Amino acid sequence: TQLLEQSPQFLSIQEGENLTVYCNSSSVFSSLQWYRQEPGEGPVLLVTVVTGGEVKKLKRLTFQFGDARKDSSLHITAAQPGDTGLYLCAGERYGGATNKLIFGTGTLLAVQP
Amino acid sequence: EAQVTQNPRYLITVTGKKLTVTCSQNMNHEYMSWYRQDPGLGLRQIYYSMNVEVTDKGDVPEGYKVSRKEKRNFPLILESPSPNQTSLYFCASSLGTLPELGKETQYFGPGTRLLVL
């Protein structure tokens with residue numbers, strides 16, 4: 001069972017447009033992370049949100065953690081070709097002796113110049 | 001340079017032929033983990049290790065083995081590979097697993113693309 005659903009799965013936009021990627025779950029997470037993965041490389045952490053309702057900004061990227069800590073969104077303003085990549089959300093939940101990271105299905109973003 | 005390395009990067013093998021994918025990190029991290037990435041399924045954890053000689057199953061451990069004899073190395077072993085293990089594999093490491101400042105950051109290796117015929 002996939003605990004974290006991302007939407008949309010694919011997104012192709014023009015340079016300068018805005019976009020939002022959603023990460024939804026019926027489970028509560030202690031924290032939520034967003035990664036970006038480029039072809040031939042491993043995911044790279046962009047941000048971690050911990051508190052319900054938390055908003056973090058990273059230049060043109062805005063990340064929000066839902067009040068109930070079950071969902072999150074990533075908003076990109078004025079997208080650029082360098083934003084192209086696979087965006088993954090990952091929720092951390094308590095798993096007994098250690099916390100576990102559950103990854104979402106991913107959103108593949110292509111920004112056309 | 002702080003990094004996680006994996007070898008090989010690409011591997012084609014046949015069903016039943018034992019193979020090992022190595023993973024090494026130079027950051028003195030305690031926590032290491034193996035994931036597989038498949039289209040539409042995201043990253044799924046295979047095994048993880050909280051420290052030397054401490055390993056545990058992730059969500060999809062069947063058909064895999066791991067060992068953690070040294071802190072820096074965490075090899076993934078496929079004793080008898082099957083075609084359904086064809087996938088992109090990632091090793092990752094972090095200082096810890098709790099959401100303390102900086103500790104939760106996982107560093108991923110470049111990936112190993114495996115094809116089992």
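Letters A, B, ... mirror the listed sequences (proteins, then strands); counts begin at 1. Fair warning: this is a prediction, and the values are worked out from it, not measured in the lab.
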Between A:Gln33 and B:Gln106: side-chain donor-acceptor atoms closer than 3.5 Å: no
Top of A:Gly106, A:Gly40, A:Pro43, A:Gly42 for chain B proximity - count of heavy-atom pairs under 4.5 angstrom: A:Pro43
Side-chain (B:Arg44) to main-chain (A:Phe103) donor-acceptor, under 3.5 angstrom: no
Test item: B:Phe108 and A:Glu41 side chains (from C-beta on) under 4.5 Å apart, heavy atoms: no
same_hphob_cluster(A:Leu46, A:Phe65) at 4.5 Å side-chain heavy-atom cutoff: yes
Validation row: A:Ile102, B:Asp59 side chains within 4.5 angstrom (heavy atoms): yes
Co-membership, hydrophobic cluster, residues B:Met50 and B:Val52, 4.5 Å side-chain: no
Smallest separation among heavy atoms of B:Tyr35 and A:Leu101, with atom names: OH-CB, 4.0 Å
Region of B:Gln37 that comes under 4.5 Å of a non-hydrogen atom in chain A: side chain
Interchain contact, B:Asp38 with chain A, by part (heavy-atom threshold 4.5 Å): neither
Under 4.5 Å from any heavy atom of chain B - which part of A:Gln6: neither
From B:Leu41 atom CG to A:Thr105 atom OG1, the distance as rounded to the nearest 0.5 Å: 9.0 Å
Single-linkage hydrophobic cluster, 4.5 Å side-chain cutoff, A:Leu19 and A:Val47 together: yes
Residues of residues 109-117 of chain B contacting chain A, heavy-atom criterion under 4.5 Å, by residue number: B:Gly109, B:Pro110
B:Val60 reachable from B:Met32 in the ILVMFWY side-chain graph, under 4.5 Å edges: yes
Same apolar cluster (I L V M F W Y, side chains within < 4.5 Å links), A:Leu32/A:Ile76: yes
CD1/B:Ile12: more than 12 non-hydrogen atoms of other groups inside 6.0 Å: no
Straight-line distance of A:Leu86 CG to B:Leu43 CG, nearest 0.5 Å: 8.5 Å
